[in-house]
Peer 1: 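Structure in structure tokens, see below.
In the text below, chain A, chain B and the rest are named by the order of the sequence lines, each starting its count at 1.
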Protein chains: 2
Amino acid sequence: MLTGNESAELVVLSLLAEGESYGYQLTKDAAGRSEGHLRLTPGVLYPLLRQLENEGLITSSWDAVRAEDSDEGAEGRKRKWYRLSPKGKRRLGQRVAAYESLRKVIDAFVGVRPREEGSR
Amino acid sequence: MLTGNESAELVVLSLLAEGESYGYQLTKDAAGRSEGHLRLTPGVLYPLLRQLENEGLITSSWDAVRAEDSDEGAEGRKRKWYRLSPKGKRRLGQRVAAYESLRKVIDAFVGVRPREEGSR
DNA sequence: GACGGATATATCGCGTGCCGATATATTGTC
DNA sequence: GACAATATATCGGCACGCGATATATCCGTC
């Protein structure tokens, strides 16, 4: 549930606002932080990251995860690190504002429930 | 924005929890209550009402809006009134709970923002 | 040294469902 | 008699979410 792109974007930007990270890590963080309710699947995450980068909201770079005992060209495993750009920070602010506004709207309805328990 | 069926359902059930209503009215109420942010368009509303009725969450009946000076079979304008069924009340409770849980999940990310304003 | 599972990134395409466009009828008003 | 508001309803194209799938490295262990 809630793997809709809108909320996914909010979540990814939020996580990156706490510090740089990479895809797989984001997946784990999302699941952990939400007690498993939020499953950021590859099919959702990677297209989203690409899109965010295209929009200039995040930047990325490849870094060898271990350059130990490498002989020469052997680079071994690499990870693609993502970090939030200034533009991304701004966007996050907007998204958070939008979320809070949406929440206010929904509350305007949900909050008005007439009776918590039917009296009969 | 937010014309997604999930939230639309929540809103319609909430409005009907306050008393019976009809389609056009629901449209107006939704817009009014949310200061225009929530546009419950016909394309969204009527399919939704139909679906809700099929699921037994709401019931409906046609009522002539004015039976004045009618001659005989002339029924004039009619309105389709909807009201929440007991099952619908239960569903509303579930939806509200789901919404609140979702909100908690999002807050788990959004709330942790490191810095409100970048220090530079 | 090979097998399996975890780590890690990435793409593709199809099924679904959103909602804009559209249709129809009545009422009010100028 | 024309136009706007009221009122309900359907339809289908196009968008896109995301499951399935592919690829590669790393590590433990037998």
Peer 1: What's the OH-C1' distance between B:Tyr46 and D:dC11, to the nearest Å?
Peer 2: 16 Å
Peer 1: CD of A:Glu6 versus C1' of C:dC18: gap in Å, rounded?
Peer 2: 14 Å
Peer 1: Of the nucleotides C:dA10, D:dA5, C:dC19, which has the atom closest to the B:Tyr24 side chain?
Peer 2: D:dA5
Peer 1: With sequence neighbours left out, what residues match B:Tyr99 under ring-ring contact (aromatic ring centres under 6.0 Å, His included)?
Peer 2: none
Peer 1: What about A:Arg79: does its side chain form a donor-acceptor pair under 3.5 Å with the base of C:dT7?
Peer 2: no
Peer 1: So if I take every side-chain heavy atom of A:Tyr22 and compare against D:dT8, C:dT9, C:dC18, which nucleotide ends up nearest?
Peer 2: C:dT9
Peer 1: For B:Glu35, does the CD atom sit with more than 12 other heavy atoms under 6.0 Å from it, leaving out its own atoms?
Peer 2: no
Peer 1: When you measure from the side chain of B:Lys87 to the backbone N and O of B:Glu55, does any donor-acceptor pair fall under 3.5 Å?
Peer 2: yes
Peer 1: Atom CG of B:Leu49 to atom P of C:dC19: distance rounded to whole Å?
Peer 2: 15 Å
Peer 1: What is the distance, to the nearest angstrom, from the CZ atom on A:Arg39 to the C1' atom on D:dC18?
Peer 2: 11 Å
Peer 1: With a non-hydrogen cut-off below 4.0 angstrom, is A:Trp81 in contact with a base, only sugar-phosphate, or nothing?
Peer 2: nothing
Peer 1: Has the side chain of B:Ser60 got a donor or acceptor atom that lies under 3.5 Å from a matching backbone atom of B:Lys80?
Peer 2: no
Peer 1: Given C:dT9, D:dT8, D:dT25, identify the nucleotide with an atom nearest to the side chain of B:Lys80.
Peer 2: D:dT8
Peer 1: Select one nucleotide: of D:dA9, C:dT9, C:dA25, the one nearest the side-chain heavy atoms of B:Arg50.
Peer 2: D:dA9
Peer 1: For the side chain of A:Pro47, starting at C-beta, report the closest nucleotide among C:dT11, C:dT26, C:dA10.
Peer 2: C:dT11
